[in-house]
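Heads up, the thing below is written out as structure tokens.
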Amino acid sequence: YVGMAAVGLGWSMAFLSATTALTKLYPPEHRPKVQALNDVVVFGGVTLATALSSTVYDSVGWDGVLYMCIGIGAFGTIAALANLAMRRRA
């Protein structure tokens with residue numbers, strides 16, 4: 001239970017920090033809309049993932065889920081590195 005509590009605490013801190021950073025990128029009159037859109041995307045994704053998790057597991061098994069997560073993580077890493085490289089060139 002301690003591990004689950006630590007994950008929840010870490011996720012909460014990361015989510016709040018990212019949300020705060022996101023809203024600082026926009027002028028004050030647009031911040032509520034940006035916050036609302038961010039919440040819809042994040043929690044909609046969580047809801048969709050929860051709803052589809054058993055279907056995906058039944059379809060591809062645990063190994064398939066692992067490989068999909070590795071693929072998603074690799075894609076995110078490559079996208080972040082490409083973004084960093086483009087910012088350094090500019």
Side-chain angles (χ1 to χ4, degrees):
Y1 294 109
V2 173
M4 295 281 285
V7 168
L9 183 63
W11 186 89
S12 180
M13 285 197 269
F15 180 74
L16 290 175
S17 299
T19 300
T20 301
L22 177 67
T23 57
K24 288 184 179 181
L25 295 172
Y26 293 90
E29 63 272 10
H30 294 295
R31 288 180 184 167
K33 291 179 184 177
V34 170
Q35 177 70 42
L37 179 61
N38 181 62
D39 287 348
V40 166
V41 170
V42 168
F43 293 113
V46 168
T47 302
L48 186 64
T50 301
L52 294 177
S53 62
S54 63
T55 303
V56 171
Y57 177 74
D58 285 341
S59 298
V60 297
W62 189 247
D63 289 340
V65 172
L66 173 66
Y67 296 137
M68 287 190 327
C69 289
I70 290 171
I72 292 168
F75 175 78
T77 300
I78 292 167
L81 292 174
N83 186 15
L84 181 63
M86 288 190 316
R87 286 179 182 226
R88 286 187 178 171
R89 287 185 201 155

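Position 1 is the first residue of the sequence, and the numbers go up from there.
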Taking all non-hydrogen atoms of both residues, which atom of [X] and which atom of [Y] are closest, and how far apart?
| X | Y | answer |
| --- | --- | --- |
| Val56 | Val65 | CG1-CG2, 4.1 Å |
| Thr23 | Thr20 | OG1-O, 3.0 Å |
| Asp39 | Phe15 | OD1-CZ, 3.7 Å |

Working to the nearest 0.5 Å, report the span between [atom1] of [X] and [atom2] of [Y].
| X | Y | atom1 | atom2 | result |
| --- | --- | --- | --- | --- |
| Gln35 | Lys33 | CD | NZ | 14.5 Å |
| Ser17 | Leu22 | OG | CG | 12.5 Å |
| Arg89 | Leu84 | CZ | CG | 10.5 Å |
| Tyr67 | Ile72 | OH | CD1 | 15.0 Å |

For the hydrophobic clusters of this structure (ILVMFWY residues joined by side-chain heavy atoms under 4.5 Å, transitively), does one cluster hold both Leu25 and Val34?
->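 Leu25 clusters together with Val34.
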
Verify the neighbour count for atom CH2 of Trp62: are there more than 12 heavy atoms of other residues, nucleotides or ligands below 6.0 Å?
->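 Counting other residues, nucleotides and ligands, CH2 of Trp62 stays at 12 neighbours or fewer.
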
Kindly check if the number of other-residue, nucleotide or ligand heavy atoms within 6.0 Å of CZ (Phe75) is above 12?
->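 No, because the 6.0 Å sphere around CZ of Phe75 holds 12 heavy atoms or fewer from other groups.
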
Counting distance only, does the side-chain N/O of Ser12 pair as donor-acceptor with the main-chain N or O of Gly8 below 3.5 Å?
->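 Not confirmed, Ser12 side chain does not pair with Gly8 backbone.
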
